[in-house]
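One structure below.
This one's a predicted model, so the numbers in the text were calculated from it and none came from an experiment. Convention: sequence-line order gives letters A, B, ...; per-chain numbering from 1.
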Amino acid sequence: MSSLADQLSADIQAVVADAFTRGEIQGEVPSAITLERPKNRDHGDYATSIALQLAKAAGQNPREIAAILQKAIASIAGVSKVDIAGPGFINITLDRASQAELVRIILSNKYEYGRGNGLAGVTINLEFISANPTGPLHLGHTRWAAVGDSLGRVLSAAGAAVTREFYINDRGRQMDLFGQSVQAAAQGKPIPEDGYQGDYINDLAAEVVAADSNISTSEEFREAAYKVQLAQQQSVLETFNTHFDIWFSERSLHESKAVDHALDKLRSQGHVFEVDGAVWLRTTDFGDDKDRVIVKEDGDLTYFASDTAYYINKRERGFDICIYMLGADHHGYVNRLKATAACAGDDPAYNVEILIGQLVKIMEGGEELKLSKRAGTIITLEELVEKVGVDAARYTLIRYPVDTPMVMDVDVLRRNSNENPVYYVQYAHARIAAVLRNTVELGIASGLESFDPSQLIHDRENELLGALAEYPRVVAGAAQFREPHRVARYLEELAGVYHGFYADCRVLPLGDEAVAPIHSARAALCAATMQVLANGLDLLGVSAPERM
RNA sequence: GCGCCUGUAGCUCAGUCGGAUAGAGCAACCGCCUUCUAAGCGGUAGGUCGCAGGUUCGAUUCCUGCCAGGCGCACCA
């Protein structure tokens, strides 16, 4: 679906092209016209700086170019006024009734409104969290749970075929330590050096022993506790509205000989070599700081071996783009992952994307709570949800760009006050639901059957329509830049505009006032706003309550 | 030493592909409920966009250098 702005942009592009054809402007026809929504309402509904951009190549005064385009843009359907301002900005004011037609589009498209096809035909593997199954998910995982899940929804809304994947690191030394730690806890022995501490280890030990009292070796403890811990992670993520299509076990990668297969493939590309009995991948061919070992001198496989095999496996399963969401403490992986893709013959700029998220700090009682899994003093996803609820936790984690280090203040989030923007947005939705319940009672139509767009001429109505028209562009931008926080910020803006409309524009008749077309038109505008709020909240995985 | 991220109002943070007078929430102050949900609305006050150069019609935005903070540079996982 093309948005109003896209349509207008295309119309202007045609008009500009005509001016070039007639020789009124010199130079090259621009491939696209960018429209922005001016902050200042006096500058119209949309503005473009195209005249300023064309001026240099054309060797003409920007105001002159703007004047050439002014009349032609004014003749576009739905445009009511075109002004030239400042150095050559073109300010466009739209006909209000034609803008109000947007209500029709939203109410007839419902949940489809805002969805697009910018990424149609692209198959994306979205990998996030990928924690060891050796403990509960903590706050760092939780940021990715919220942001990753939301990004998946946003990419899907842009038309991509998305597979969400959780890579289970169920192999190697950490798993062995985990097994030994649970065993020690069960048998009343001291936890080994570098082992896992924390109450949850005791809980796991008790549960595992209760299920099988004969359990004794560290391998048995490891396997039993692994199953319990993984199930716990899966269960808590479901309650957090975060769904994965595939839980991919590192062990399965080795069982299927994927590592050997990957080595063969990389060898055939000519980037594998051997030194001192170890097998290396020459990642320095493609910008890595040092070459990486795949098979150690003693024959063991490195963690990098799994990463490499996993990447090649993903590509062979047909994914065009592999997105990795990693914590800032893993940003050293970026170069080697990109280089690995290049070694496999792929285009690292297209086939691999790595999103690095900065770490999350959490404050409570004015003090920072340290996140140390080993020490056992961790804030888990479950604990955060217990403290602030799923909606507030998800919303807060999503509303900031991931490259910003963020501080969550539990005390603030617990207050359930307006300091949580999630309530501001949800309140707008609930408020509209209440208004619409009243329209039903009064017999006022809020659907399209009696909708008259020419009724909506108030400044507040116009402002609300303008905000609603932005939604498809916001979703497309969030998908394109992999930034779901844009959706949250937009919703806060939309909610604010609605609250302003609500304060100035009465929807229901006052007192014994007769029901008139304006009431019905405003009710439909409310319904359209509610639809967009619901659509946006759904992209965040946050509920849209009917009552608060 | 090298690399990545960050630096915007008292606090927490937005800021679109470079665009017009840099925004929001909280905190402060002043207003608005005898009719739709006041979890709301309106207003006042608050700024050297870390510092210095450069690119140009125009820089918070792009480039270079510097300062400050966070994180990382394994034949660990």
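Annotation: B/rU8 and B/rA52 have their P atoms spaced 15 Å apart (nearest Å). One P atom belongs to B/rG58, the other to B/rC67, and the distance between them is 30 Å to the nearest Å. For the P atoms, the distance from B/rA24 to B/rC62 is 23 Å, rounded to whole Å. Between B/rG23 and B/rU16, the two P atoms lie 13 Å apart (nearest whole Å). As rounded to the nearest Å, B/rC36 and B/rU60 have P atoms that lie 46 Å from one another. Comparing B/rC33 with B/rG50, their P atoms are spaced 43 Å from each other, to the whole Å. Nucleotides B/rC2 and B/rU21 have their C1' atoms positioned 43 Å apart, rounded to a whole Å. Spacing of C1' atoms, B/rG40 relative to B/rC4, comes out at 43 Å, to the nearest Å.
Taking atom CD1 of residue A/I356 and atom P of nucleotide B/rG3, one finds them 17 Å apart after rounding to whole Å. B/rC5 atom P lies 13 Å from atom CD1 of A/I354, rounded to whole Å. Between A/Q358 atom CD and B/rC5 atom P there is a gap of 9 Å when expressed in whole angstrom units. Nucleotide B/rG25 holds its P atom 11 Å from the NE2 atom of A/H499, rounded to whole Å. Atom OH of A/Y502 is separated from atom P of B/rG42 by 14 Å (rounded to the nearest Å). A/N438 has its CG atom 14 Å from the P atom of B/rU35, to the nearest Å. The interatomic distance linking A/L52 (CG) with B/rU56 (P) rounds to 16 Å, in whole Å. The nearest whole Å value for the distance from the CG atom in A/D409 to the P atom in B/rC13 is 11 Å.
The side chain of A/Y427 lies closest to B/rA38 when the candidates are B/rC76, B/rU6, B/rA38. Listed candidates were B/rC4, B/rU37, B/rC75. Nearest to the side chain of A/H331 is B/rC4. Across B/rC17, B/rC36, B/rA38, the shortest atom-to-atom separation from the side chain of A/V507 is found for B/rC36. For A/R506, the side-chain atoms get nearest to B/rC36 when compared with the rest of B/rG19, B/rC36, B/rC5.
Using a 4.0 Å heavy-atom distance criterion, A/S49 is classed as a base contact. Among the atoms of the strands shown, only primed sugar atoms or phosphate atoms (P, OP1, OP2) are found under 4.0 Å from some heavy atom of A/R171. Looking at heavy-atom distances under 4.0 Å, A/M406 makes contact with sugar-phosphate atoms alone, never a base. Among the atoms of the strands shown, only primed sugar atoms or phosphate atoms (P, OP1, OP2) are found under 4.0 Å from some heavy atom of A/H485. Among the heavy atoms of the strands, none lies under 4.0 Å from A/R37. Residue A/A430 is in base contact, counting any heavy-atom pair closer than 4.0 Å across all strands shown. Counting non-hydrogen atoms under 4.0 angstrom, A/G511 reaches a base of the nucleic acid. Contacts of A/P401 with the nucleic acid, taken as non-hydrogen atoms under 4.0 Å apart, involve only primed sugar atoms and P, OP1 or OP2. When heavy atoms are screened at a 4.0 angstrom cut-off, A/Y400 is found touching the sugar-phosphate backbone but no base atom. Nucleic acid contact for A/E36: sugar-phosphate only, since backbone atoms but no base atoms lie under 4.0 Å from a heavy atom of the residue. Within 4.0 Å (heavy atoms only), A/A55 reaches no atom of the nucleic acid at all. A/A47 comes within 4.0 angstrom of a base, heavy atoms only. At the heavy-atom level, A/N91 lies under 4.0 Å from base atoms of the strands shown. Here A/V407 lies in heavy-atom contact (under 4.0 Å) with sugar-phosphate atoms only.
Under a 3.5 Å cut-off, the side chain of A/Q233 and the backbone N or O of A/G135 do form a donor-acceptor pair.
The 5' end of RNA chain B is approached more closely, in terms of each residue's nearest nucleotide, by A/E470 than by the other of A/E470 and A/L510. Heavy-atom distances to RNA chain B give each of A/L359 and A/Y303 a nearest nucleotide, and the one nearer the 5′ end belongs to A/L359.
Stacking between A/Y424 and the base of B/rA39 is absent under the criterion of ring centres within 5.5 Å and planes under 30 degrees. Aromatic stacking is not marked for A/H330 over B/rG72, as the cut-offs of 5.5 Å for the centres and 30° for the planes do not both hold.
Residue A/R460 has a polar side-chain atom (N or O) positioned under 4.0 Å from OP1 or OP2 of B/rG42. For the pair A/T302 and B/rC76, the criterion of a side-chain N or O lying under 4.0 Å from OP1 or OP2 is not met. Contact annotation: A/K296 side-chain N/O to B/rC76 OP1/OP2 distance is under 4.0 Å. For B/rC73, the OP1/OP2 oxygens have no side-chain nitrogen or oxygen of A/K290 closer than 4.0 Å. For A/N335, no side-chain nitrogen or oxygen approaches OP1 or OP2 of B/rC73 to under 4.0 Å.
Contact check on A/K290 versus A/D288 returns no salt bridge, with no Lys/Arg side-chain nitrogen under 4.0 Å from an Asp/Glu carboxylate oxygen. Contact check on A/E219 versus A/R222 returns no salt bridge, with no Lys/Arg side-chain nitrogen under 4.0 Å from an Asp/Glu carboxylate oxygen. Salt bridge A/D194/A/R173: present, at least one basic N to carboxylate O contact under 4.0 Å.
Glycosidic conformation of B/rC51: anti, with the torsion beyond 90° of 0.
The six-membered or imidazole ring of A/F286 lies near that of A/H271, with a centre-to-centre distance under 6.0 Å.
For the strand RNA chain B, secondary-structure stems (runs of at least three Watson-Crick or G-U pairs, all distances below 3.5 Å) span B:1-7 with B:67-73, B:10-13 with B:23-26, B:28-32 with B:40-44, B:50-54 with B:62-66.
Defined by atom type and a distance below 3.5 Å, a donor-acceptor pair is present between the side-chain atoms of A/Y395 and A/E492. No side-chain donor-acceptor contact under 3.5 Å links A/R522 and A/H458. With hydrogens and angles left out, the side-chain atoms of A/Q426 and A/D391 include a donor and acceptor closer than 3.5 Å.
Interatomic distance, A/D170 CG to A/E223 CD, rounded to the nearest 0.5 Å: 8.5 Å.
The environment of A/R506 atom CZ is dense: over 12 non-hydrogen atoms of other residues, nucleotides or ligands sit within 6.0 angstrom. Counted within 6.0 Å of CD on A/E493, heavy atoms from surrounding residues, nucleotides or ligands total 12 or fewer; the atom is thus considered open.
Using a 4.5 Å heavy-atom threshold, the side chains of A/L253 and A/F248 count as touching.
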